[in-house]
Peer 1: 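Starting off with a structure, shown below.
Starting from 1, each residue takes its place in the sequence as its number.
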Amino acid sequence: MRILSLSLIVLISVLFSGCGKMLYRAADKAFQKGLQDQPYDAVIVPGFPHNGQKWDMVLQMRIHWAHYLYTKGYTKNIIFSGSAVATPYVESKVMATYAEALGITREHIFTEEKAEHSTENVYYSYRLAKELGFSKIALATDPIQNSYMRKFIKRFELPIGLMPTVIDTLKVLNLYEPKINAEPSIREGFVKLSDRENFFQRFKGTMGKYIIWHEEDLKKKKHRRKFKDRMIPASSESKNLKSVQ
């Protein structure tokens, strides 16, 4: 009988206690709904810091869940997102290396390496997916992050489905950690985010205040007005496209 790691047991216990149970049920419901639209062209998997030694329980959950979705045929590709935020390791690159070691074909793995906040993980990966020609996209993350990213997606009416982790399914998977070489993922000259932004600045980032939007993605006028100083006008995108052609 396989024994779960202590950290994962702790996380599972949190999910099954108090409001955790609500998050678990909400994630399961969202997953069942998301299944109706599979297979997806790609799922977005937000990053999490790597300490250079063993992977954290959140990394364990997100990477194995991405592997599960891929092997079941629920998604054709995986987009891992995340810059070097808390450690020198570029999160998306480390996760991609782990995913390949688990057996996901490298040509079906993509990395978004700019995002430093969870809302940026979602939006910048969405933009990358569009650039790659993917149209059916979903977010695949743990129930806790799924709960507030769902609100972000709904607020801005982004065409992104939800395929959050189902804990009952996760518990029967073989959650082993493959051996990888994470050294190529180190970013030179790294300065951690907490040394560049104070708590309130980081909170604003989590709320999406620093996102550089594309006008076409801001459906409501109030959003276009609010983010006009952090928005790429549709006219500029058209000019750039013509210059490339």
Peer 1: So does K220 pair up with E157, basic N to acidic O under 4.0 Å?
Peer 2: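 Between E157 and K220 there is a salt bridge, with a charged N closer than 4.0 Å to a carboxylate O.
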Peer 1: Heavy-atom distance under 4.5 Å between the side chains of S118 and F152, does that happen here?
Peer 2: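 Counting from C-beta outward, S118 and F152 never come under 4.5 Å.
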Peer 1: Please find the pair of heavy atoms, one from R127 and one from D217, that lie closest to each other, and give the distance.
Peer 2: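 The answer is NH1-OD2, 2.8 Å.
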Peer 1: Drop me the distance from M22's CE to R25's CZ, to the nearest 0.5 angstrom.
Peer 2: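 The CE atom of M22 sits 7.0 Å away from the CZ atom of R25.
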Peer 1: Looking at W65 and M163, would you say the former's side chain and the latter's main chain have a donor-acceptor pair under 3.5 Å?
Peer 2: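 Yes; judged by distance alone, with no hydrogens or angles, the pair exists.
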Peer 1: Taking only residues two or more places apart in sequence, or in another chain, which ones meet Y70 in a ring pair (Phe, Tyr, Trp, His ring centres under 6.0 Å)?
Peer 2: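 Counting only residues at least two positions away or on another chain, Y70 forms a ring pair (Phe, Tyr, Trp, His ring centres under 6.0 Å) with H108.
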Peer 1: If you compare all heavy atoms of E177 against all heavy atoms of Q53, which two are closest, and at what distance to 0.1 Å?
Peer 2: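 Heavy-atom minimum between the residues: OE2-O, 4.0 Å.
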Peer 1: Under 3.5 Å, side chain of K76 to main-chain N/O of P39, donor-acceptor pair present?
Peer 2: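 No: the side chain of K76 does not pair with the backbone of P39.
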Peer 1: Can we say E112 and K93 salt-bridge, meaning some charged N sits less than 4.0 Å from an Asp/Glu carboxylate O?
Peer 2: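 So E112 does not pair with K93 through a salt bridge.
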Peer 1: Any non-hydrogen side-chain atom of E120 less than 4.5 Å from a side-chain atom of K114?
Peer 2: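 No - every pair of side-chain heavy atoms lies 4.5 Å or more apart.
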Peer 1: Check whether any side-chain N or O of T165 sits under 3.5 Å from a backbone N or O of T141 as a donor-acceptor pair, and report yes or no.
Peer 2: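 Yes; judged by distance alone, with no hydrogens or angles, the pair exists.
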Peer 1: With no hydrogens and no angle check, just 3.5 Å: does a side-chain donor-acceptor pair link E107 and T105?
Peer 2: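 The criterion, which ignores hydrogens and geometry beyond distance, is not satisfied for T105 and E107.
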Peer 1: Determine, step by step, whether R106 and E100 satisfy the salt bridge (Lys or Arg N to Asp or Glu O under 4.0 Å) criterion, reporting the C-alpha distance in whole Å, the side-chain angles of both residues, the deciding distance to 0.1 Å, and the verdict.
Peer 2: CA-CA 6 Å; R106 188 65 186 86; E100 186 176 8; 3.6 Å; yes
Peer 1: Name the one of I79, T111, T97, N121 that satisfies side chain to side chain contact (heavy atoms under 4.5 Å, CB included) with S92?
Peer 2: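 The single option meeting the side chain to side chain contact (heavy atoms under 4.5 Å, CB included) with S92 is T111.
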Peer 1: Specify the closest pair of heavy atoms between V122 and I153, including all atoms of both residues, with the distance to one decimal.
Peer 2: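 Residues V122 and I153, closest heavy atoms: CG1-CG1, 4.1 Å.
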Peer 1: Taking the six-membered ring for Trp and the full ring for Phe, Tyr or His, determine whether the centres of Y176 and H64 are under 6.0 Å apart.
Peer 2: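 Between Y176 and H64, the centre distance is under 6.0 Å.
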Peer 1: Test K171 against D168 for salt bridge (Lys or Arg N to Asp or Glu O under 4.0 Å), laying out the working first.
Peer 2: CA-CA 5 Å; K171 288 192 294 184; D168 281 345; 3.6 Å; yes
Peer 1: Salt-bridged, R196 to E116, with N to O below 4.0 Å?
Peer 2: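 Salt bridge present between R196 and E116.
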Peer 1: If we ignore hydrogens and angles and just use 3.5 Å, is the side chain of Q145 paired with the main-chain N or O of D142 as donor and acceptor?
Peer 2: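 Side chain of Q145 to backbone of D142: no pair is present.
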Peer 1: Please name all residues satisfying ring pair (Phe, Tyr, Trp, His ring centres under 6.0 Å) with Y210, sequence neighbours left out, ordered by chain then number.
Peer 2: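 For Y210, the residues satisfying ring pair (Phe, Tyr, Trp, His ring centres under 6.0 Å) (neighbours in sequence not counted) are H117.
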Peer 1: Determine whether a donor-acceptor pair (N or O, by modelled atom type, separation under 3.5 Å) exists between the side chain of H214 and the backbone of I232.
Peer 2: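 The answer is no, because no donor-acceptor pair under 3.5 Å joins these two groups.
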Peer 1: Is there a donor-acceptor contact under 3.5 Å from the side chain of Q60 to the main chain of R62?
Peer 2: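 Absent.
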